[in-house]
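Each remark here refers to the structure printed beneath this line.
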Amino acid sequence: MKKAKRESVGIVKRHPDGFGFFVSDDPDQVDVYIPRQAMKGIMTNDRVRVRVEREHGGDRFRGEIAEVLSRAVTRVVGQYHQ
């Protein structure tokens, strides 16, 4: 049987190593770990909708980003080198 995923809305805090933590608008919900491979294109303080599920055999939660609702940073300045 597949585990049920629930969705939640909040912001993402990105770690310099590439992974992140989702902070829900619901103050009763614990922070949710977002793995590095699920953080492509996501920056700190982006507002997102996340699918959340409990990690196998534990009390921690893991999430995947379902939708970016708004961007915290709308302008990025720098140089691109291919």
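All figures in this text were calculated on a predicted structure; none of them were measured in a lab.
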- Query: So if you build clusters from Ile, Leu, Val, Met, Phe, Trp, Tyr with side-chain heavy-atom gaps below 4.5 Å, do Val32 and Met39 land together?
  - Reply: yes
- Task: Determine, using the 4.5 Å side-chain heavy-atom cutoff (strictly less than), whether Val30 and Ile65 are members of one ILVMFWY cluster.
- Result: yes
- Item | Nearest non-hydrogen partners of Gln37 and Lys40, listed with the distance | O-NZ, 3.7 Å
- Evaluate the side-chain contact (heavy atoms from CB on, under 4.5 Å) criterion for residues Val9 and Arg47: first the C-alpha distance (whole Å), next the side-chain angles of each, then the deciding distance (0.1 Å), finally the verdict. CA-CA 7 Å; Val9 173; Arg47 187 161 183 71; 3.5 Å; yes
- Query: So, are Lys13 and Asp46 salt-bridged, with charged N and O less than 4.0 Å apart?
  - Reply: no
- Query: Could you give the distance from CD (Glu7) to CZ (Arg51), rounded to the nearest 0.5 Å?
  - Reply: 5.5 Å
- Query: Taking C-beta and beyond as the side chain, do Asp59 and Arg54 meet within less than 4.5 Å on heavy atoms?
  - Reply: yes
- Message: I need the Ile34 CD1 to Arg62 CZ distance, nearest 0.5 Å.
- Response: 9.0 Å
- Between atom CD of Gln29 and atom OG of Ser8, what is the distance when rounded to the nearest 0.5 Å? 4.0 Å
- Can you hop from Val52 to Val68 via hydrophobic side chains spaced under 4.5 Å? yes
- Parallel under 30°, tilted from 30 to 60°, perpendicular over 60°: which one fits the rings of Phe21 and Phe19? perpendicular
- Message: On a heavy-atom basis, which atom in Thr44 and which in Ala72 lie closest, and how many Å separate them?
- Response: O-CB, 3.5 Å
- Query: Does the distance from a Lys or Arg side-chain N to an Asp or Glu carboxylate O, for Arg36 and Asp17, drop under 4.0 Å?
  - Reply: no
- Query: Is the charged tip of Arg6 near the ring of Phe61: under 6.0 Å from the six-membered ring centre and within 45° of its axis?
  - Reply: yes
- Message: Test your reading of the model: is there a side-chain donor-acceptor pair from Arg14 to the backbone of Ile42, 3.5 Å cut-off?
- Response: yes
